[in-house]
Amino acid sequence: MHWSKLFIPTLREAPAEAEVVSHQLLVRAGYIRQLSAGIYSYLFLAQRSLLKIMQIVREEMDAIGAQEMLLPALHPAELWQESGRWTVMGDNMFRLKDRFGRDLCLGMTHEEVMTSIARGELRSYKQLPQIWYQIQNKFRDEPRPKSGLLRVRQFLMKDSYSFDLDAEGLDDSYQKHHQAYRRIFDRCGLNYLVVEAHSGAMGGSQSHEFMVASDAGEDFVVQCGSCGYSANLEKAVSQPRAPELADPEGDLTPEPFHTPGRKTIAEVAEFTGLPETCQMKSLVMVADGHPVLALLRGDHQLSETKFAAAMGASEIRPAHPEEMRRWLGADAGSLGPVGASKLRIIADEALNGRRNMIAGANRDDYHLRHVTPGEDFVAEFHDLRQAVAGDGCINCGAPLELRKTIEIGHIFKLGYKYAESMGLRVLNAAGEEVPVIMGSYGIGIERILSAAVEQRHDADGMALPVAIAPFVVVVTPVNSAEAAQRRAAEEIYQACRALGLDALLDDRDERPGVKFKDADLIGIPFRVTVGKKLAQGKVELVERHGKASADVPVADAATEVKKRAAM
RNA sequence: CGGGGCGUAGCGCAGCCUGGUAGCGCACCUGCCUUGGGCGCAGGGGGUCGGGCGUUCAAAUCGCCCCGCCCCGACCA
């Protein structure tokens, strides 16, 4: 295509509100424009890139036997009421009414619709397995859209759903997706990692996330450099570091001592001269309406995800100050497990086997020393703490690293949740009616583009991988006043097209600097510069990523690009 | 929803405190010039100063209300 005819509105300066690199560059390079908070228009270049990403996704999904469909974005409330998610999704769901006052919503995900199709049509185990997918807009009323295309209210998702007769079949569908996702992200040129994840509001038993390491991301994952264990921080388990000081020996009795004004772990540590690892942190929580005292080692943080899972609770919150006083008789800062009879007590495993620790006394401005779990109070032990960098790997003991990441894909084993709530059953070989076991699998299309920009950019702009760049090569005559350059550039451009390369001819009447800057900014992987060396029959072939440059004969330029682009 | 910041030409910003003709750079248009990294010169177009109400002879500027956007937090597949 001829650049002079295209709409590629590049900017010298990034809009003030863009903070993360991918947002700044996508706007500056004329890929996207914002319509409203978390709502973006994808202009010509973005659309070309997204179409390429979607094509890769399609090819790999089709390769595992998945069948593409397109479901509605507009859903009746009844469907979501059946699964129970009409209420579960809360304010995150866009809701509207039709002219008759009937409730509708915009689809945030499509388990309900897919399940409703399946239950209407699937009758026999002989029809299984099935994998159905679509690439479609999702709508989520995010509390806080941010970071350009990374967290938005309307976005493209490839979502697929598997239907199997039994757990073994689901394993197979899950593995197929896992492999397909690897191929998709490999082909898109991303460096990514696969981590264990928790299932959240989707429900289900097993789940993995595909993550791209980036400071622009919002998820934290821990990773073991030694054995490869990796998990979302919400889910990660670890060996805690050893307490800094050994516990006092013996069957000592809890003993109150005055701690005036010392409320935080740090203040008590400073006051007693003992490390934070000697203290029990007491957090009063409410899980599905029931009061719970959660105990952690002083230096550890509660993982709310793990806590909710341990409680089997769907809604958890910290207790209000008046609740704490009612249940324990003291304010936050002096709370502890000894004598806490009105609450269920659960403790992190790092406290199991510890002796004679310090805890709040349930009396304002007092703490207890010599508190021992199992002797001075009874608690259930669970993994409740958030892993931290430097903890030991649960598998091999090596120190864990913490990385910030962008989630680009997520696969779930749903189990029977939707089949049961929505009545999706088939007859098995024995003629018995059994529920179908499901999986659901998502890829954020725009996040692939954003993550690629985050991962591959420099001071001049983006350097997109060949597979997802809007064009593979741009042919740039340096001096558009020179007919010979124009002619050679046009020939090379045509030769590239003849080889099936997505080529762009920069035929604009601009100074060379402008053309170079623009080409770098929008991130075309290869540039053929037609300039002075044309007199010797040579042009320059420049790779955007790394800026390596080579002189090649005019006649070889297109084939050379083709060769390098295939690498 | 809590905290903070911002809203003046397409983009980046000044002007506001101390009320009195709306400015700068880039971009855009015309002409000349130039042609290997956002070139130069000359001329030109473009503004409900986010919106409403109020104060005032007079409001971008002061007051009140509202809206929008961004960041932090809460929340989140």
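What you see below is based on every heavy atom in this structure, not just the backbone, and it leaves out hydrogens, waters and symmetry mates. Below, chains carry the letters A, B, ... as their sequence lines are ordered, and counting in each starts from 1.
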With hydrogens left out and only the distance checked, is there a donor-acceptor pair under 3.5 Å joining [X]'s side chain and the base of [N]?
{"X": "Asp518(A)", "N": "G38(B)", "result": "yes"}
{"X": "Glu13(A)", "N": "G25(B)", "result": "yes"}
{"X": "Arg144(A)", "N": "G4(B)", "result": "no"}
{"X": "Arg28(A)", "N": "G10(B)", "result": "no"}
{"X": "Asp460(A)", "N": "G37(B)", "result": "no"}

Looking at every strand, decide which applies to [X] at a 4.0 Å heavy-atom threshold: base, sugar-phosphate, or nothing.
{"X": "Thr305(A)", "result": "nothing"}
{"X": "Tyr441(A)", "result": "nothing"}
{"X": "Pro145(A)", "result": "sugar-phosphate"}
{"X": "Glu19(A)", "result": "sugar-phosphate"}
{"X": "Ala14(A)", "result": "sugar-phosphate"}
{"X": "Arg508(A)", "result": "nothing"}
{"X": "Glu304(A)", "result": "sugar-phosphate"}
{"X": "Arg527(A)", "result": "base"}

> Between Met108(A) and Leu35(A), which has a closest nucleotide on RNA chain B that is more 5'?
Replying inline: Leu35(A)
>> Which is more 5' along RNA chain B, the nucleotide nearest Pro512(A) or the one nearest Glu407(A)? Just name the residue.
In response: Pro512(A)
Could you work out the separation of [N] and [M] based on their [atom1] atoms and round it to a whole Å?
{"N": "C62(B)", "M": "C26(B)", "atom1": "C1'", "result": "33 Å"}
{"N": "G15(B)", "M": "C57(B)", "atom1": "C1'", "result": "23 Å"}
{"N": "G10(B)", "M": "G46(B)", "atom1": "P", "result": "13 Å"}
{"N": "C39(B)", "M": "G25(B)", "atom1": "P", "result": "15 Å"}
{"N": "G3(B)", "M": "C13(B)", "atom1": "C1'", "result": "27 Å"}
{"N": "C32(B)", "M": "C71(B)", "atom1": "P", "result": "47 Å"}
{"N": "U61(B)", "M": "A22(B)", "atom1": "P", "result": "13 Å"}
{"N": "A42(B)", "M": "G52(B)", "atom1": "C1'", "result": "44 Å"}

> Should Asp383(A) and Lys306(A) be marked as a salt bridge (charged side-chain N to carboxylate O under 4.0 Å, His left out) after you check the CA-CA gap, both sets of side-chain angles, and the distance that decides it?
Replying inline: CA-CA 7 Å; Asp383(A) 177 26; Lys306(A) 291 180 183 178; 3.0 Å; yes
For residues 4-21 of chain A, please give each side-chain donor-acceptor pair under 3.5 Å, one per line with the distance, not counting sequence neighbours.
{"residue": "Ser4(A)", "atom": "OG", "partner": "Asp507(A)", "partner atom": "OD1", "Å": "3.1"}
{"residue": "Ser4(A)", "atom": "OG", "partner": "Asp507(A)", "partner atom": "OD2", "Å": "2.7"}
{"residue": "Thr10(A)", "atom": "OG1", "partner": "Asp518(A)", "partner atom": "OD1", "Å": "3.0"}

> Of all heavy-atom pairs between Pro477(A) and Lys515(A), which one has the smallest distance, and what is that distance?
Replying inline: O-NZ, 2.8 Å
Between [atom2] of [N] and [atom1] of [X], the distance in whole Å:
{"X": "Glu142(A)", "N": "C72(B)", "atom1": "CD", "atom2": "P", "result": "14 Å"}
{"X": "Asn479(A)", "N": "C33(B)", "atom1": "CG", "atom2": "P", "result": "14 Å"}
{"X": "Lys146(A)", "N": "A74(B)", "atom1": "NZ", "atom2": "P", "result": "11 Å"}
{"X": "Glu17(A)", "N": "G10(B)", "atom1": "CD", "atom2": "P", "result": "14 Å"}
{"X": "Lys515(A)", "N": "C39(B)", "atom1": "NZ", "atom2": "P", "result": "14 Å"}
{"X": "Arg511(A)", "N": "G40(B)", "atom1": "CZ", "atom2": "C1'", "result": "8 Å"}
{"X": "Tyr31(A)", "N": "C11(B)", "atom1": "OH", "atom2": "P", "result": "21 Å"}
{"X": "Ile32(A)", "N": "C11(B)", "atom1": "CD1", "atom2": "C1'", "result": "15 Å"}

>> Can you confirm whether or not the ring centre of Phe210(A) sits under 6.0 Å from the ring centre of His178(A)?
In response: yes
With a 3.5 Å limit on both atom pairs, tell me what [N] is paired to, counting Watson-Crick and G-U wobble, or say none.
{"N": "U34(B)", "result": "none"}
{"N": "C57(B)", "result": "G20(B)"}
{"N": "C1(B)", "result": "G73(B)"}
{"N": "G10(B)", "result": "C26(B)"}

>> Distance alone, cut at 3.5 Å: any donor-acceptor contact between the side chains of His23(A) and Lys146(A)?
In response: no
> For Glu196(A) and Asn232(A), does a side-chain donor sit closer than 3.5 Å to a side-chain acceptor?
Replying inline: no
Check the phosphate of [N] against [X], side-chain N and O only, distance under 4.0 Å to OP1 or OP2. Yes or no?
{"X": "Ser36(A)", "N": "G68(B)", "result": "no"}
{"X": "Gln34(A)", "N": "C70(B)", "result": "yes"}
{"X": "Arg12(A)", "N": "C11(B)", "result": "no"}

> Between residues 530-542 of chain A and RNA chain B, which residues have a heavy-atom gap below 4.0 Å?
Replying inline: Gly531(A), Lys532(A), Glu540(A)
Could you please name the option among [options] that lies closest to any side-chain atom of [X]?
{"X": "Lys517(A)", "options": "C72(B), G37(B), U35(B)", "result": "G37(B)"}
{"X": "Pro15(A)", "options": "C72(B), C11(B), G36(B)", "result": "C11(B)"}
{"X": "Pro143(A)", "options": "A74(B), C13(B), U35(B)", "result": "A74(B)"}

> Can you check salt bridge (charged side-chain N to carboxylate O under 4.0 Å, His left out) on Arg385(A) and Asp348(A), steps first, answer last?
Replying inline: CA-CA 6 Å; Arg385(A) 71 181 181 284; Asp348(A) 181 62; 2.9 Å; yes
Just checking, [X] and [Y]: is the charged tip under 6.0 Å from the six-membered ring centre and within 45° of the axis?
{"X": "Arg153(A)", "Y": "Phe139(A)", "value": "no"}
{"X": "Lys413(A)", "Y": "Tyr174(A)", "value": "yes"}
{"X": "Arg95(A)", "Y": "Trp80(A)", "value": "no"}

> Judged by atom type as modelled, is there a donor-acceptor pair below 3.5 Å linking the side chain of Tyr181(A) to the main-chain atoms of Gly442(A)?
Replying inline: yes
